[in-house]
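One structure, as structure tokens, below. Some questions next.
Note: hydrogens, waters and symmetry copies are ignored here, and every other heavy atom, side chains too, is used. Predicted, not measured: the structure shown is a model, and the values here were computed from it.
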Amino acid sequence: MSPMYFSFTSAFILGLMGLAFNRSHLLSALLCLEGMMLTLFIATAIWSMTLNSTSSSTIPMILLTFSACEASAGLAILVAASRSHGSDKLQNLNLLQC
């Protein structure tokens, strides 16, 4: 495994572990998700550059678009939760209650 692929894999796994083990605040979960999406974006961009194909060059842009939509939806949920509950702690949020 080359050092570049090892660094992308380890960055993705670190984001996944941060999401799995550090579930105290919603903002930290959103940052871990964003780090995972940026790692996937950089990996697919490098992959499409190594293929030298025009058909696969749109995949990183589509992934970046979905990442931006995910970030905006996450921030909207964060603002709504902090306004209604007073903080972004995930322990205080009961999603089964309206």
Next item on the list: Report whether F21 and L30 are members of the same hydrophobic cluster (ILVMFWY, side-chain heavy atoms less than 4.5 Å apart, transitive linking).
Entry: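 Different clusters: F21 never reaches L30 through Ile, Leu, Val, Met, Phe, Trp or Tyr contacts under 4.5 Å.
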Checklist line | With sequence neighbours excluded, residues passing side chain to side chain contact (heavy atoms under 4.5 Å, CB included) with I59 | finding: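 Expected list: W47, S56.
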Margin query: List the residues meeting side chain to side chain contact (heavy atoms under 4.5 Å, CB included) with I42, not counting sequence neighbours, and say none if there are none.
Written below: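 Listed in chain order: F8, I46.
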Checklist line | CE/M61: more than 12 non-hydrogen atoms of other groups inside 6.0 Å | finding: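 It does not: M61 CE has 12 such atoms or fewer within range.
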Margin query: Using side-chain heavy atoms (C-beta onward) and a distance below 4.5 Å, is E34 in contact with S67?
Written below: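 In short, these two side chains touch, coming nearer than 4.5 Å.
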Check: Considering all heavy atoms of both residues, which atom of C32 and which atom of L19 are nearest to each other, and what is their separation?
Finding: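 Looking at all heavy atoms of both residues, the shortest contact is SG-N, 3.7 Å.
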Check: If two hydrophobic side chains count as joined below 4.5 Å and joins carry through other members, does M4 share a cluster with L51?
Finding: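 Result: no, two separate clusters.
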Margin query: Please report the interatomic distance CG(L64) to CZ(F41), rounded to the nearest 0.5 Å.
Written below: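 Atom-to-atom, L64:CG and F41:CZ are 4.5 Å apart.
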Checklist line | For L14, side chain to side chain contact (heavy atoms under 4.5 Å, CB included) partners two or more places apart | finding: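 L14: no side chain to side chain contact (heavy atoms under 4.5 Å, CB included) contacts found.
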Notebook entry, point to check: Applying the side chain to side chain contact (heavy atoms under 4.5 Å, CB included) test to M36, which of L16, L31, I13 qualifies?
Noted result: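 Among L16, L31, I13, the one that satisfies the side chain to side chain contact (heavy atoms under 4.5 Å, CB included) with M36 is L16.
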Next item on the list: Report the distance from atom NE2 of H25 to atom OG of S82, rounding to the nearest 0.5 Å.
Entry: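 Reported to 0.5 Å precision, the distance equals 12.5 Å.
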Check: Nearest 0.5 Å, what's the CG-CG distance between L75 and L27?
Finding: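 Nearest 0.5 Å value for the CG-CG distance: 8.0 Å.
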